[in-house]
Amino acid sequence: MLKTLRRLRPPWPPGYACVCACVLLISWSNTAAAREPKEHGELDATVVAPFRAARGAHVTQARIFVVRFAYPDEGRAHAVHWTLTLSGPGPQGAVQRRWSGMEQVGAGGNSLSLPWDGRADADARARRLPVPDGMYALRLLAVADAGTPQQARVEQQWQIQVRRGGSTAPRVPAFQTGLRHLASLDGQMDYRIVYANLHSQTRHSDGGAALDACHGAQAPQTAPYGPIDAYQYARQHGLDALLTSEHNHMYDGSDGSNSAAVPAAAKALYQTGLAEAAAYTAAHPGFLALYGMEWGVINKGGHLNIFNSEQLLGWERNAHGELLADLETPKGDYAGLYTLMRERGWLGQFNHPAQTGQFLVNGQPLGYTHDGDAAMVLCEVLNTSAFSTNDEETETRRSNYEAACNRALAAGYHVAFSSNQDNHCANWGASYGNRTAVLVASPVAGMPVSRDSFLEALRARRVYATMDKHAQLLLTANGKLMGERFDNHGPLQLATHFSNSAGRQAAAVAILQGVPGGNGSVTELSDQASITITPAPGPHFYYARLTQDDGNLVWSAPVWVNQLP
């Protein structure tokens, strides 16, 4: 085209230059979009770790760990170096066993079975002895080859139990007998527990495919099922609330940039989603339908959900230079986004956060800003596989992000933990039994939960994350509810309460501590449900993590305590 332009001399045919320029712009835009890494092309690594040895292996405690890798990056295979370590007993325990290797991983994925015989590594001076009873941490680190983004690093951690003898479970007081309502506690008002999935997609972006046809992310706006279908499915499967969080940059109908997109159509689709959520909630008392957006891209900074924006945010433009959104928010500018969110009162969630390469502010991963601290209320501590087709709540591919959420807490963010499913297939909330549990103020028993009261609970961080939809976990500090911030003089009593309506019991409990803004480590303070301490002067945060007797984890929200001299 450029050569053709150079050969022609004025006068050009009428409109020729304009047509050529537009063709060039469209061609350049399509080429740039083709080069842009697609969403959901990042490294995925998970480990399936049986919490207890199978029957028949009681004495040896032998079991098999399964490590799974996938790297959908345009079908190109990557060399992935991985290490799996088993440490314990207890949080300060030594490394007892180590496995490592390198796998060529592509879109199809790889699976490794690693048998463990219940013994420690061989020592040149001693026999390989069985490891002692206790709780052990299984840590997976997987790093892709050079030339890939920083996000091509995955860290996972799970707990397992070695129990040959008659070790006793910790005593954790129950705080209620019912499932749906939390009675007054230490002067608090009544709360209803709302079990939600706060991360999912439909045909408005790259989700919504039928289970028998779902093989990953869908081409945007091509699948058959939209938000109404998702709300109906989630309600029928026992959820109290569902957020359909559509990718903000796919409202042009593209995973890249659609140069022919019409801004009015993109903005209208977002408004349609908001209207459908409001109408479904009004027509189905007892169920809360939420609609929002998943902002950002994995290859340039990471995803976060915005729960309550009435406007579509974006950065893409069509061939005419028109913004394909209501408000422009530059891609990768998290500090600027946080400022806008705080100004508008919008609330957010860090989605499947990584410790490196994501949510950069001044070059720092999960970098802190005061505006971000006000706007970001949740951090996803656990996700099931985004592309699971399981509809029986038995998905084994799950990812743990506690280490990254701890980094956010240590940076100074006041976030509670959430546990979601990131559904892209038509199984909203059904791939596993995990939920984000939200304590919504309920001054009148039986009154339906409103969008405003739900958002108020998120803003107050009255949330716990659970892998078991029957579990309830509560942490108090001197009687103050998890999520609160307060000044304290003298002793501080931290108390954990747990119930499970399906009869599960606690196998282990830990109260963890850290210093907000100190960017240090988060450490275990106690392995008991309750403890009384006198903290050092200054700011602290504390949260509880409980392990059920089936290995499922439950995390309380933190409490933030400023200890006065």
Side-chain angles (χ1 to χ4, degrees), residues 18-40 201-207 217-222 226-227 244-277 291-349 351 359-361 369 371-372 375-376:
C18 178
V19 170
C20 291
C22 290
V23 170
L24 281 171
L25 179 58
I26 294 172
S27 176
W28 174 86
S29 177
N30 290 338
T31 302
R35 292 196 199 103
E36 182 81 8
K38 298 297 184 183
E39 288 282 57
H40 309 299
Q201 284 77 32
T202 75
R203 75 176 309 275
H204 281 198
S205 58
D206 60 350
Q218 314 306 301
Q221 300 177 23
T222 62
T244 53
S245 48
E246 311 292 353
H247 290 282
N248 73 301
H249 61 95
M250 294 184 183
Y251 282 82
D252 63 352
S254 169
D255 194 17
S257 293
N258 181 359
S259 59
V262 177
K267 293 184 283 188
L269 181 61
Y270 188 76
Q271 293 302 316
T272 296
L274 292 172
E276 288 179 345
Y291 187 87
M293 76 188 82
E294 185 169 20
W295 188 94
V297 292
I298 284 289
N299 59 72
K300 193 175 176 61
H303 291 158
L304 60 82
N305 275 354
I306 302 176
F307 296 118
N308 57 330
S309 172
E310 302 295 332
Q311 296 173 294
L312 176 62
L313 312 183
W315 53 82
E316 294 183 323
R317 295 179 180 273
N318 62 14
H320 299 290
E322 298 169 314
L323 182 68
L324 302 174
D326 294 303
L327 290 175
E328 183 166 15
T329 50
K331 180 167 61 174
D333 182 6
Y334 290 90
L337 176 68
Y338 299 151
T339 297
L340 177 64
M341 291 175 66
R342 183 177 188 176
E343 290 172 352
R344 303 296 177 92
W346 296 336
L347 304 180
Q349 167 183 270
N351 290 350
F359 310 110
L360 297 176
V361 176
T369 75
D371 291 339
M376 302 304 294

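We use all heavy atoms of the structure for the numbers below, so side chains are in, but hydrogens, waters and symmetry mates are not.
A donor-acceptor pair is defined here as one N or O able to donate and one able to accept, closer than 3.5 Å; such a pair exists between the side chain of Q221 and the backbone of M250. Side chain of D252 to main chain of N258: a donor-acceptor pair is present (N/O by atom type, distance under 3.5 Å, no hydrogens or angles). Checking side-chain atoms of Y270 against main-chain N and O of E246 turns up no donor-acceptor pair under 3.5 Å. Judged by distance alone, with hydrogens and angles left aside, the side-chain atoms of D326 form a donor-acceptor pair with the main-chain N or O of L312 at under 3.5 Å.
Separating the OG1 atom in T272 from the NE2 atom in H204 is a distance of 6.5 Å, to the nearest 0.5 Å. Separation of atoms CG (L340) and OG1 (T329) is listed at 7.5 Å; rounding is to 0.5 Å. Summarising the geometry, atom CD belonging to E276 is positioned 9.5 Å from atom CG belonging to L274; distances are rounded to the nearest 0.5 Å. Rounding to the nearest 0.5 Å places CG of L323 at 7.5 Å from NZ of K267. Atoms NE2 and OG, on H320 and S259 in that order, are 9.0 Å from each other to the nearest 0.5 Å. Going from atom CD of Q311 over to atom CD1 of I306 covers 11.0 Å, rounded to the nearest 0.5 Å.
Contacts of D333 classified as side chain to side chain contact (heavy atoms under 4.5 Å, CB included), with partners at least two apart in sequence or in another chain: P330, A335. Every residue two or more places apart in sequence or in another chain that forms a side chain to side chain contact (heavy atoms under 4.5 Å, CB included) with T222 is listed here: Q218, A219. For the side chain to side chain contact (heavy atoms under 4.5 Å, CB included) test, residues two or more places apart in sequence or in another chain that qualify with L347 are F307, N308, V377, L455, L458, R459.
There is no side-chain donor-acceptor pair under 3.5 Å between S245 and E294. Side-chain atoms of E316 and H249 include no donor-acceptor pair closer than 3.5 Å.
The two residues A325 and G314 come nearest to each other via the heavy atoms CB-N, 3.5 Å. Shown here for G292 and Y251, the closest heavy-atom pair between the two residues is O-OH, 4.4 Å. A pairwise comparison of heavy atoms in E310 and W346 identifies N-NE1, 4.3 Å as the closest pair. Nearest heavy-atom pair across G296 and H303 is O-CD2, 3.2 Å. Closest approach of N318 and P263 over heavy atoms only: ND2-CD, 3.6 Å. Of all heavy-atom pairs between P220 and S254, the closest is CG-C, 3.6 Å.
Contact of the Y338 side chain with the L304 side chain is registered, since non-hydrogen atoms from C-beta on lie closer than 4.5 Å. A 4.5 Å side-chain heavy-atom check between M293 and S309 finds at least one atom pair inside the cut-off. The shortest distance between side-chain heavy atoms of N351 and Q349 falls below 4.5 Å. Using a 4.5 Å heavy-atom cutoff, the side chains of F359 and M376 are not in contact. Within the 4.5 Å cutoff, the side chain of W315 has heavy atoms near those of the N248 side chain. Contact check for R344 versus L327: side-chain heavy atoms found under the 4.5 Å cut-off.
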